[in-house]
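Encoded as structure tokens, the structure appears first; notes follow it.
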Amino acid sequence: MFPAYSVSLSALQADSSAIDVVGNDLANLNTTGYKATDIDFENLMSQSLGIGQSMSQVGMGVGPLQTVTSYTQGTLTTTNGPTDAAIQGNGFFVVKGSDGQMLYTRDGSFQVNDQGQLVTATGEAVQGWSAVNGVVNPSGAVGNLTAQAGSTIPATATTTMSMDVNLNAATAADGTFSAPIQVIDSQGTSHTLTVTFTETSANNWKYAVTIPSADLQSGGTTTLASSTLTFNPDGSLSDPDVKGSPVALKISGLADGAADVDINWNLYNADGSSMLTQYAEASGVSSTSQNGYSAGQISSFSLQNGGTLIAKYSNGQQITLGQLALANVPNPDSLVSVGNNELQSTVATGSITLGAAQSAGLGKITAGALETSTVDIANEFANLLTYERSYQAASRVITTNDQMLQGILELIHP
């Protein structure tokens with residue numbers, strides 16, 4: 001009769017612990033990257049009664065709970081946060097704790113602190129590979145990711161330019177069409193070049209590339225290049241041919257004192273098709289491009305798909321600063337929670353390897369998104385009712401056993 005007390009007490013303790021686990025799961029229903037916990041109950045050894053064929057076993061209750069974190073994939077929710085990231089598939093983000101120890105998390109709600117470091121919401125430094133001249137080497141050692149670059153990116157002079165232009169085949173001789181394009185000098189000043197096309201006869205045009213005289217010092221020439229164009233009957237450019245492209249332009253004696261600018265004007269695409277055409281349609285420019293840019297200031301930092309950290313500048317340029325590292329954990333069930341949505345390895349974890357997203361079995365990183373908790377509220381409430389009833393049943397066993405014991409005592413001492 002007395003063993004019934006210990007059996008029931010073991011059940012009360014186990015059910016109470018199970019309710020604590022469910023409560024913790026429900027409390028983390030909205031915790032980013034949180035993984036729900038599965039509970040395993042195990043019986044204690046049994047007590048043997050009798051011997052031989054008459055032997056029977058009576059259980060001695062339930063043992064301590066075994067809890068296992070279920071590392072299933074959570075739903076990805078788009079946040080559009082510039083430094084938010086979510087893992088889809090295997091892997092953990094790597095962060096460095098205040099004591100220098102490596103910790104692991106599925107919570108990608110990162111931010112840039114006042115020191116320019118990429119950190120977690122609680123301030124731990126995110127680990128990855130820093131870029132050298134915009135190139136990341138994911139096989140090197142990881143370190144703190146720093147969102148720091150030059151506050152100003154210098155100007156770069158234009159070296160190539162191109163324009164997609166159609167010249168109207170129906171234009172009469174001496175008819176003209178002008179196409180402007182902006183280029184940049186070494187100081188970041190913008191200059192508008194104008195390419196003027198004039199038809200001389202059927203399928204034949206001449207062109208002249210000019211720059212405003214105000215952009216030049218006295219004595220500078222405003223015509224940078226001039227020549228002729230010949231088109232095939234199908235409207236494609238025949239002369240200059242591919243070998244005659246690009247056309248060399250040189251801007252000398254700029255009024256702002258910038259260095260001379262040498263520009264190659266590409267007349268053909270990489271596949272050999274001409275950018276200048278002559279069709280019986282209105283003359284027009286469909287697009288222009290050039291590779292120069294003015295000086296710019298840092299405007300923002302952001303993570304890209306794959307975990308690349310970039311700095312964006314006001315002139316439209318961007319520089320790669322680094323890349324997030326992911327940890328491949330061979331035995332994630334052995335990780336221990338240390339708070340702040342972070343996990344610590346143990347002796348049972350095995351050898352953890354680091355790599356870039358979508359390499360060596362690691363999942364992919366989606367920027368501007370977070371992984372939601374895997375807690376199923378319906379399942380947790382069902383478990384909560386089950387453990388509550390089990391707790392009530394165990395309590396009832398103790399009450400019944402106490403009543404029986406009181407009855408025996410009354411028989412002895414009426």
* **Atom CG of D174 with >12 non-hydrogen neighbours under 6.0 angstrom** => no

* In terms of heavy-atom contacts, does CD of Q13 have more than 12 from other residues, nucleotides or ligands at under 6.0 Å? -> no

With no hydrogens and no angle check, is any side-chain donor or acceptor of [X] less than 3.5 Å from a backbone partner on [Y]?
X    : Y    : result
N113 : G116 : yes
T210 : T222 : no
S373 : N28  : yes
S283 : F177 : no

* Just do the side-chain hydrogen bond (donor to acceptor under 3.5 Å, both in side chains) check on N204 and T200 with the steps written out, would you? => CA-CA 6 Å; N204 293 287; T200 55; 5.4 Å; no

Can you tell if the side chain of [X] reaches within under 4.5 Å of the side chain of [Y], non-hydrogen atoms only?
X    : Y    : result
I310 : S302 : yes
M161 : L249 : yes
L254 : H191 : yes
V247 : S227 : no
M102 : K96  : yes
S245 : P240 : no
S70  : T374 : no
F301 : L118 : no

Identify the heavy atoms of [X] and [Y] that sit nearest to each other, and give their distance.
X    : Y    : answer
I181 : S289 : CD1-O, 3.7 Å
D215 : T192 : OD2-N, 4.4 Å
A169 : A280 : CB-N, 4.0 Å
V338 : L343 : CG2-N, 4.4 Å
T120 : Q111 : O-NE2, 3.9 Å
A179 : V285 : CB-CG2, 3.5 Å

Residues which pass side chain to side chain contact (heavy atoms under 4.5 Å, CB included) with [X], listed by chain and number, not counting sequence neighbours:
X    : value
D376 : A378, N379
S238 : T230, N232
S314 : Q297
D99  : Q101

Who passes ring pair (Phe, Tyr, Trp, His ring centres under 6.0 Å) against [X], sequence neighbours left out?
X    : value
Y207 : W265
Y279 : none
Y34  : none

To the closest 0.5 Å, what do you measure between [atom1] ([X]) and [atom2] ([Y])?
X    : Y    : atom1 : atom2 : answer
Q304 : I365 : CD    : CD1   : 12.0 Å
T366 : E371 : OG1   : CD    : 10.0 Å
R396 : Q392 : CZ    : CD    : 11.5 Å
D185 : D256 : CG    : CG    : 4.5 Å
Q73  : K35  : CD    : NZ    : 5.5 Å
T196 : W205 : OG1   : CH2   : 11.5 Å

* With side chain to side chain contact (heavy atoms under 4.5 Å, CB included) as the test, would you mind laying out the steps for R106 and F92 before giving the verdict? => CA-CA 5 Å; R106 295 278 294 195; F92 295 83; 3.8 Å; yes

Answer yes if the side chains of [X] and [Y] hold a donor-acceptor pair under 3.5 Å, and no otherwise.
X    : Y    : value
D234 : S236 : yes
T349 : S334 : yes
S294 : N315 : no
T160 : N264 : no
Q290 : T288 : no

* Structure fact -> Hits for salt bridge (charged side-chain N to carboxylate O under 4.0 Å, His left out) against K250, two or more places apart or cross-chain, chain-then-number order -> D262

* To do: Output all residues satisfying salt bridge (charged side-chain N to carboxylate O under 4.0 Å, His left out) with E199, sequence neighbours left out; order by chain, then residue number.
  => none

* Structure fact -> For residues 110-139, the ring-ring contact (aromatic ring centres under 6.0 Å, His included) pairs (sequence neighbours left out) are F93-F110

* To do: Could you note down all residue pairs passing ring-ring contact (aromatic ring centres under 6.0 Å, His included) where residues 372-393 supplies at least one of them, sequence neighbours left out?
  => F41-Y387

* Residue pairs passing the side chain to side chain donor-acceptor pair (under 3.5 Å) test where at least one lies in residues 318-333, sequence neighbours excluded -> N90-N328

* Passes side chain to side chain contact (heavy atoms under 4.5 Å, CB included), V183 versus I251? Steps please. -> CA-CA 10 Å; V183 297; I251 306 174; 4.3 Å; yes

* Give the intermediate values and the outcome of side chain to side chain contact (heavy atoms under 4.5 Å, CB included) for residues N144 and Q127. => CA-CA 5 Å; N144 297 348; Q127 300 298 287; 2.7 Å; yes

* Looking at V336, D107, V95, which hits side chain to side chain contact (heavy atoms under 4.5 Å, CB included) with E342? -> V95

